[in-house]
Visitor: 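Below are the structure tokens for one structure; questions will follow.
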Protein chains: 2
Amino acid sequence: MKATIYHVARRARVSTATVSRFLNGTGPVAAETRHRIEQAIQVLGYRPNTVARSLVTKATHTLALLMPDITNPFFPDLVKGVQLLADERGYTVLLCSVAGDPAREEEYLEMLSAKQVDGALLVGLVCGRETIARFARHGIPIVSLDRNIDYPPAPLVHVNHRKGARIATEHLLQLGHRLVAHVSGPIGLRVSHERLAGYREALSRAGVAYDRRLVVSGDFTEEAGYEGIEALLHTATPFTAIFAANDLAAIGATAALTDSGRRVPEDVSVVGFDDIRLAAYTSPALTTIRQPTYEMGRRATELLIDAVHGRMLGPGQQVVFEGELIVRASSMPIAAAQQAKTV
Amino acid sequence: MKATIYHVARRARVSTATVSRFLNGTGPVAAETRHRIEQAIQVLGYRPNTVARSLVTKATHTLALLMPDITNPFFPDLVKGVQLLADERGYTVLLCSVAGDPAREEEYLEMLSAKQVDGALLVGLVCGRETIARFARHGIPIVSLDRNIDYPPAPLVHVNHRKGARIATEHLLQLGHRLVAHVSGPIGLRVSHERLAGYREALSRAGVAYDRRLVVSGDFTEEAGYEGIEALLHTATPFTAIFAANDLAAIGATAALTDSGRRVPEDVSVVGFDDIRLAAYTSPALTTIRQPTYEMGRRATELLIDAVHGRMLGPGQQVVFEGELIVRASSMPIAAAQQAKTV
DNA sequence: GGCGGCCCTGAAAGCGGTTACATGTAAGCG
DNA sequence: CGCTTACATGTAACCGCTTTCAGGGCCGCC
């Protein structure tokens with residue numbers, strides 16, 4: 001039989017109200033009473049039942065984290081950031097992998113309001129805005145990562161994808177590459193769109209014509225990167241560099257290049273995006289745009305908890321992080337010889 | 001103002017008991033009444049409050065997942081398996097990264113019993129057995145992954161680490177290697193111990209003497225793998241192959257080899273353990289032992305949910321998976337030339 | 001026609017806490 | 001000395017739901 005506050009009260013010869021006051025530090029409790037209560041708790045091995053508490057306080061100290069796919073190496077770091085900050089603040093996190101499926105997203109959103117979570121961190125959701133609006137109507141604060149939520153306006157944390165992509169592409173251009181291919185993310189996703197836009201921006205600033213044949217669409221997986229580049233090689237469209245929309249795709253692309261006998265970076269330079277943990281250890285080590293993933297997770301969670309406590313910045317608040325170019329071994333200046341044969 | 005069951009009852013002109021019966025399918029409800037209730041729910045946008053429900057039913061439909069570090073690429077797949085199965089069964093999962101810190105593990109365990117989770121999945125815990133025993137006393141079912149919990153006996157899911165390690169090492173031996181180094185996991189962890197044991201077993205079966213200078217200890221990270229092998233190279237102890245206790249370490253080791261001018265696998269063969277997602281895409285693609293991570297997550301969760309429902313197999317039940325050798329490009333027969341120079 | 005059942009429903013007692021309000025006591029003060 | 005005041009505690013309502021128990025109709029059946 002688990003001890004309840006009632007048992008503690010009885011044993012300490014006080015009322016449950018006093019025990020509760022003692023537990024929460026609300027209201028005064030005499031030193032001697034305090035001592036008796038401590039004793040009782042100790043002896044009984046009492047732990048307050050948070051469910052009962054939540055029922056009356058209407059706070060569960062639980063945050064929900066909705067994300068597409070934890071299997072993508074980009075996310076674990078984010079999760080860690082969220083987790084750690086939540087922990088510091090006495091919150092606990094409910095993990096929901098929604099697999100990029102709008103129906104599941106909606107289902108989960110429904111469930112969350114029933115579960116009375118205190119707040120929700122929505123990362124890269126793909127569902128319609130009405131779905132989110134409906135959810136928000138329950139009054140649960142939300143913070144969004146990489147997905148703009150206009151109505152109701154929710155705090156947004158993201159990196160400047162466009163600029164990052166531009167920097168990545170400019171890096172390649174500065175190395176002398178003119179035929180830069182791009183493996184994009186899933187079409188329709190804002191992130192993919194932004195990164196593609198950054199790529200085009202860099203091209204156009206450098207006066208290089210945009211060639212849509214050089215853009216293959218992927219879905220942020222290694223498989224797609226591999227297949228995309230394999231297919232591109234089959235078309236015999238020449239290129240000397242690749243900017244992949246994320247590291248996974250870059251790694252897949254590199255594998256496709258290697259399997260077809262090309263060398264990276266001697267024949268083709270490759271740059272990715274994200275700077276996942278293993279990017280430094282692939283061979284060649286991957287040049288990429290670092291996203292401060294862990295930090296973003298922390299910051300987003302901080303904003304969320306603030307929102308839970310009713311402390312919000314102005315509406316439409318945003319925290320934007322900048323991507324940082326990390327030059328490693330997968331990119332190098334275009335070789336003169338290479339210019340001639342262009343792969 | 002959020003609608004409660006009381007509001008629904010009022011609007012449908014029935015009692016809360018009837019609404020509850022309708023909601024849970026417990027007890028009969030007349031067709032017409034049913035219809036009125038549906039209407040009311042619809043109009044009010046009512047969602048039952050699971051917190052209140054849990055208070056009385058004593059079931060939260062929440063499972064806790066305690067793991068060392070989600071950042072290790074081995075885990076996300078596991079999490080996914082857990083997540084998906086939990087989802088199918090109507091459970092939700094609370095994520096706790098304990099960072100391999102016994103104190104945090106204990107803290108979390110405490111919190112979980114207060115949070116009234118229905119069950120807990122403990123993966124690779126390092127805390128003392130008394131801690132776990134104390135937790136178990138709260139009556140919360142647990143299932144353990146990769147850590148034997150003897151008292152109270154909890155179902156255990158794991159792979160046969162020893163055998164996997166033996167197979168990995170045997171693979172190297174069969175390729176003609178005799179000087180096989182090993183990057184171990186953190187000493188003291190059962191998993192590390194088992195994998196080391198498997199390595200030694202293979203050596204001894206093949207009549208190869210065990211040389212402790214060939215064993216460097218790591219902690220399952222790339223950094224440690226890198227540094228371990230770098231250090232080993234400095235000692236000038238010759239070796240022609242490496243069996244790393246996990247893929248991360250293998251990748252780090254490969255990087256160290258490459259950075260020092262060695263080629264993998266021409267100069268040194270490398271095999272890992274885990275078969276993380278990216279193992280197939282490193283270059284060279286990594287030979288490794290595949291753990292059916294996703295499946296293990298599912299199976300463990302299944303056992304846990306069964307336990308929650310009081311359906312347990314016999315005491316001391318175990319599910320053991322077998323590791324499978326996946327031969328890729330990072331291992332090859334020892335070259336004649338190499339035998340002479342032995343790195 | 002009376003009666004045992006079967007359906008369907010409602011009243012009310014909790015689940016384990018929190019908290020507004022009331023109460024009792026002793027100190028402070030003119 | 002009587003009155004306020006602050007402190008320490010108790011009483012009881014309530015959070016939103018489930019569930020036991022006890023009917024009230026209505027049927028069939030003897």
Side-chain angles (χ1 to χ4, degrees), chain A residues 1-38 40-41 44-62 111-118 138-140, chain B residues 1-38 40-41 44-62 111-118 138-140:
Chain A
M1 185 52 206
K2 263 199 93 154
T4 74
I5 199 174
Y6 179 73
H7 299 126
V8 174
R10 253 253 279 257
R11 192 162 225 285
R13 300 193 308 282
V14 293
S15 72
T16 62
T18 304
V19 177
S20 176
R21 274 189 289 259
F22 167 81
L23 254 22
N24 305 300
T26 146
V29 177
E32 202 228 344
T33 313
R34 181 182 300 271
H35 186 247
R36 287 210 313 277
I37 295 177
E38 271 163 354
I41 288 177
L44 267 35
Y46 169 75
R47 297 275 121 198
N49 180 329
T50 58
V51 172
R53 176 177 291 172
S54 293
L55 182 56
V56 19
T57 61
K58 270 131 183 42
T60 52
H61 280 251
T62 300
M111 145 171 302
L112 291 183
S113 71
K115 280 247 173 191
Q116 311 286 113
V117 299
D118 289 348
H138 291 289
I140 298 177
Chain B
M1 185 53 206
K2 262 199 96 161
T4 75
I5 199 175
Y6 179 73
H7 299 126
V8 174
R10 252 253 278 258
R11 192 164 228 286
R13 301 192 308 280
V14 294
S15 72
T16 62
T18 303
V19 178
S20 176
R21 274 190 288 259
F22 167 81
L23 253 22
N24 305 300
T26 146
V29 177
E32 203 228 344
T33 313
R34 179 180 301 271
H35 185 248
R36 287 208 314 276
I37 296 177
E38 270 163 353
I41 288 178
L44 267 36
Y46 169 74
R47 296 275 121 199
N49 180 329
T50 58
V51 171
R53 177 176 293 173
S54 293
L55 182 56
V56 19
T57 60
K58 270 131 183 42
T60 52
H61 280 251
T62 301
M111 145 170 301
L112 292 184
S113 71
K115 279 248 174 190
Q116 313 284 118
V117 298
D118 289 349
H138 290 290
I140 298 177

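Each chain gets a letter, A, B and so on, in the order the sequences are listed, and its residues count up from 1.
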Visitor: Does dT18(C) have its OP1 or OP2 closer than 4.0 Å to a side-chain nitrogen or oxygen of S20(A)?
Guide: yes
Visitor: Quick one: list whatever passes salt bridge (Lys or Arg N to Asp or Glu O under 4.0 Å) with R36(A), sequence neighbours left out.
Guide: E32(A)
Visitor: Taking only residues at least two apart or on different chains, which pairs with a member in residues 9-27 of chain B satisfy salt bridge (Lys or Arg N to Asp or Glu O under 4.0 Å)?
Guide: none
Visitor: Please state how far atom CZ in F22(B) lies from atom C1' in dG10(C), giving the value in whole angstrom units.
Guide: 18 Å
Visitor: Under the salt bridge (Lys or Arg N to Asp or Glu O under 4.0 Å) test, which residues partner R47(B), sequence neighbours left out?
Guide: E110(A)
Visitor: Compute the angle between the rotation axes at the two ends of the helix from dG1(C)-dC30(D) to dG30(C)-dC1(D), each taken over five pairs, rounded to 10 degrees.
Guide: 50°
Visitor: Taking side-chain hydrogen bond (donor to acceptor under 3.5 Å, both in side chains) as the definition, give me every residue that meets it alongside S20(A), ordered by chain and number, with sequence neighbours left out.
Guide: N24(A)
Visitor: Can you tell me how far NZ of K58(B) sits from NZ of K2(A), rounded to the nearest 0.5 angstrom?
Guide: 9.5 Å
Visitor: Please examine the side chains of L23(B) and I41(B), heavy atoms only from C-beta on, and report whether any two atoms are closer than 4.5 Å.
Guide: yes
Visitor: Just the rounded figure in Å: distance from P of dG16(C) to CD of Q116(B).
Guide: 9 Å
Visitor: With sequence neighbours left out, what residues match H138(B) under ring pair (Phe, Tyr, Trp, His ring centres under 6.0 Å)?
Guide: none
Visitor: Would you say N49(A) reaches dC15(C)'s phosphate, i.e. side-chain N/O to OP1/OP2 under 4.0 Å?
Guide: no
Visitor: What is the distance, rounded to the nearest whole Å, between atom NZ of K2(B) and atom P of dG16(D)?
Guide: 10 Å
Visitor: How would you list, by chain and number, every residue that makes a side-chain hydrogen bond (donor to acceptor under 3.5 Å, both in side chains) with T60(B), sequence neighbours excluded?
Guide: D118(B)
Visitor: Holding to side-chain hydrogen bond (donor to acceptor under 3.5 Å, both in side chains), I want the full list of residues that pass it with T62(A), two or more places apart in sequence or in another chain.
Guide: K115(B)
Visitor: For T16(A), what residues pass the side-chain hydrogen bond (donor to acceptor under 3.5 Å, both in side chains) criterion, not counting sequence neighbours?
Guide: none
Visitor: Just how far, in rounded Å, is P of dG16(C) from CG of L23(A)?
Guide: 15 Å
Visitor: To the nearest Å, how far apart are K115(B) NZ and dG16(C) P?
Guide: 18 Å
Visitor: Classify Y46(B) by what it touches in the nucleic acid, base, sugar-phosphate, or nothing, heavy-atom distance under 4.0 Å.
Guide: sugar-phosphate
Visitor: Measure from CD1 on I5(A) to C1' on dT19(C) and round the result to the nearest Å.
Guide: 11 Å
Visitor: Measure the distance from OH on Y6(A) to C1' on dG14(C) and round it to the nearest whole Å.
Guide: 13 Å
Visitor: How many Å lie between CZ on R10(A) and P on dT11(D), as a whole number?
Guide: 13 Å
Visitor: Report each atom pair, protein N/O against N/O of nucleotides 7-10 of chain D, whose distance is under 3.5 angstrom.
Guide:
{"from": "dT9(D)", "atom 1": "OP1", "to": "T33(A)", "atom 2": "OG1", "distance (Å)": "2.1"}
{"from": "dT9(D)", "atom 1": "OP2", "to": "A30(A)", "atom 2": "N", "distance (Å)": "2.7"}
{"from": "dT9(D)", "atom 1": "OP2", "to": "T33(A)", "atom 2": "OG1", "distance (Å)": "3.4"}
{"from": "dG10(D)", "atom 1": "OP2", "to": "S15(A)", "atom 2": "N", "distance (Å)": "2.6"}
{"from": "dG10(D)", "atom 1": "OP2", "to": "S15(A)", "atom 2": "OG", "distance (Å)": "3.1"}
{"from": "dG10(D)", "atom 1": "OP2", "to": "T18(A)", "atom 2": "OG1", "distance (Å)": "2.8"}
{"from": "dG10(D)", "atom 1": "N7", "to": "R21(A)", "atom 2": "NH2", "distance (Å)": "3.0"}
{"from": "dG10(D)", "atom 1": "O6", "to": "R21(A)", "atom 2": "NH1", "distance (Å)": "3.2"}

Visitor: Quick one, which residues of residues 51-62 of chain B touch DNA chain C with a heavy atom under 4.0 Å?
Guide: L55(B), V56(B), K58(B)
Visitor: V19(B) and side chain to side chain contact (heavy atoms under 4.5 Å, CB included): which single residue from T33(B), V29(B), T4(B), V8(B) fits?
Guide: V8(B)
